[in-house]
Visitor: 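Shown below is the structure under consideration.
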2 protein chains.
Amino acid sequence: MESEELRNVGLKVTTPRLKILSLLENASEKHMTAETIYRQLGESGEVIGLATVYRALAQFEAAGLVTRHQFDGGQTVFELERGPHHDHIVCVRCGRVEEFYDKVIEERQRVIAAQLGFTLSDHALTLYGECNDPACRESKA
Amino acid sequence: MESEELRNVGLKVTTPRLKILSLLENASEKHMTAETIYRQLGESGEVIGLATVYRALAQFEAAGLVTRHQFDGGQTVFELERGPHHDHIVCVRCGRVEEFYDKVIEERQRVIAAQLGFTLSDHALTLYGECNDPACRESKA
DNA sequence: TTGCACATGAGAATTATTCTCATGTAGGAT
DNA sequence: ATCCTACATGAGAATAATTCTCATGTGCAA
Ligand SMILES: [Mn+2]
Ligand SMILES: [Mn+2]
Ligand SMILES: [Zn+2]
Ligand SMILES: [Zn+2]
């Protein structure tokens with residue numbers, strides 16, 4: 001139950017929070033902007049203030065329920081933090097997002113941080129390219 | 001000469017462009033925000049419109065003279081594209097930025113993109129952590 | 001059941017960046 | 001050297017994303 005998740009992180013169980021969580025849970029695209037969440041909730045009759053969406057997402061992030069990504073160009077996207085850590089590759093044509101995890105890269109990051117005298121706490125890795133969709137392949141320039 | 005660089009990429013040689021390039025060249029911190037560039041130029045008597053700074057940086061980026069980075073939290077920073085590609089590690093306490101290059105990571109990225117059916121065109125990797133400065137080490141939380 | 005700390009909605013405010021437009025100028029052609 | 005014109009600039013308005021303010025509502029511990 002999503003109510004549990006909220007209680008576990010010390011947040012009151014409210015309708016807006018539950019709606020946002022369950023939208024993130026069920027939406028077809030798991031990486032969503034605050035604006036999209038706001039709009040989709042509105043369309044399905046659940047009108048919630050945009051400021052509330054931003055507030056809730058920030059709280060979810062602080063609580064570790066959600067992660068935030070800033071892909072080049074586009075606006076900030078959020079996703080439910082279920083399952084293990086992963087990074088992303090984004091199609092520069094259609095915007096499609098795929099996820100991946102690479103043990104070697106993760107390991108190298110730790111080594112590099114240590115070498116430079118840093119205590120690693122986080123990282124952001126995003127690859128950009130053209131995906132294998134026919135429409136994306138036939139672009140000029 | 002910086003005039004050469006501008007001509008080579010098909011941009012007219014103008015005072016604002018030269019000033020911005022030479023500031024990027026000589027500044028103590030090589031990763032600078034548009035705002036900082038604007039302010040530092042102003043302080044040294046070279047008043048240039050902020051819009052011009054943004055425009056020039058965008059053109060330099062398009063021409064490959066400059067790269068743009070979006071570190072978490074802070075605003076966009078620019079740096080002169082001299083020397084080979086590298087990624088960054090940022091101290092979450094003091095904001096210090098160090099650079100690194102890791103052949104293994106670069107190589108893995110290519111493999112991963114290929115596996116996912118993408119033609120890799122770019123990537124952004126930034127590590128975050130606490131640097132070895134005494135002041136940064138003694139923070140609580 | 002009540003009290004109150006916390007949450008919400010609406011809109012204003014803020015911040016970073018881009019756009020508009022009137023004016024200036026680099027640099028190729030003459 | 002002078003001219004012409006496409007491109008560049010500055011100032012401020014405009015935009016877009018996000019955050020803040022504040023009056024009002026509500027979860028939930030006592
Ligand atoms: Mn993801
Ligand atoms: Mn750098
Ligand atoms: Zn694509
Ligand atoms: Zn530090």
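Note that the structure is a prediction, hence the values are computed from the model and not measured. A, B, ... follow the sequence lines: proteins, then strands. Residue 1 opens every chain.
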Visitor: Please determine whether a side-chain nitrogen of the Lys or Arg among A:Glu98 and A:Arg96 lies less than 4.0 Å from a carboxylate oxygen of the Asp or Glu.
Guide: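 Salt bridge present between A:Glu98 and A:Arg96.
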Visitor: One thing to verify: whether B:Glu5 and B:Arg82 come together as a salt bridge, which I'm taking to mean a side-chain N less than 4.0 angstrom from a carboxylate O.
Guide: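 So B:Arg82 pairs with B:Glu5 through a salt bridge.
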Visitor: Run the side chain to side chain contact (heavy atoms under 4.5 Å, CB included) check on A:Asp102 and B:Ile105 step by step: do they pass?
Guide: CA-CA 10 Å; A:Asp102 188 78; B:Ile105 290 180; over 6 Å; no
Visitor: Do A:His86 and A:Glu79 have a side chain donor and acceptor closer than 3.5 Å?
Guide: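 There is such a pair between these side chains.
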Visitor: Using a strict heavy-atom distance below 4.0 Å, which residues from residues 36-45 of chain A are in contact with DNA chain C?
Guide: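 Residues of residues 36-45 of chain A that come under 4.0 Å of DNA chain C do not exist, since none gets that close.
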Visitor: Quickly work out the A:Asp72 CG to C:dT17 P distance and round it to whole Å.
Guide: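 Atom CG in A:Asp72 sits about 13 Å away from atom P in C:dT17.
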Visitor: What is the distance from NZ of B:Lys19 to C1' of D:dT9, rounded to the nearest Å?
Guide: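 Distance check: B:Lys19 NZ to D:dT9 C1' gives 15 Å.
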Visitor: To the nearest Å, how far apart are B:Leu57 CG and D:dA8 P?
Guide: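 For the pair B:Leu57 CG and D:dA8 P, the rounded distance is 14 Å.
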Visitor: Using whole Å, report how far CZ of B:Phe71 lies from P of C:dA16.
Guide: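 Distance, rounded to whole Å: 17 Å.
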Visitor: Nucleotide by nucleotide, 5' to 3', does protein get under 4.0 Å of the base (B), only the sugar-phosphate (S), or neither (-) in nucleotides 18-30 of chain D, counting heavy atoms?
Guide: BBBB-----BS--
Visitor: Give me the bend of the helix from C:dT1-D:dA30 to C:dT30-D:dA1, using the axes of the five pairs at each end, rounded to 10°.
Guide: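 Axis-to-axis angle, ends of the helix: 30°.
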Visitor: Decide if the gap between the ring center of B:His123 and the ring center of A:Tyr128 is smaller than 6.0 angstrom.
Guide: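 Ring-ring flag for B:His123/A:Tyr128: false, centres at least 6.0 Å apart.
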Visitor: Could you check, using the six-membered ring where one of them is a Trp, whether B:His88 and B:Phe71 have ring centers closer than 6.0 angstrom?
Guide: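 Yes, they do, as the ring centres are separated by less than 6.0 Å.
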Visitor: For the CD atom of A:Glu130 and the CG atom of A:Asn132, what is their distance to the nearest 0.5 Å?
Guide: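 CG of A:Asn132 is found 10.5 Å from CD of A:Glu130.
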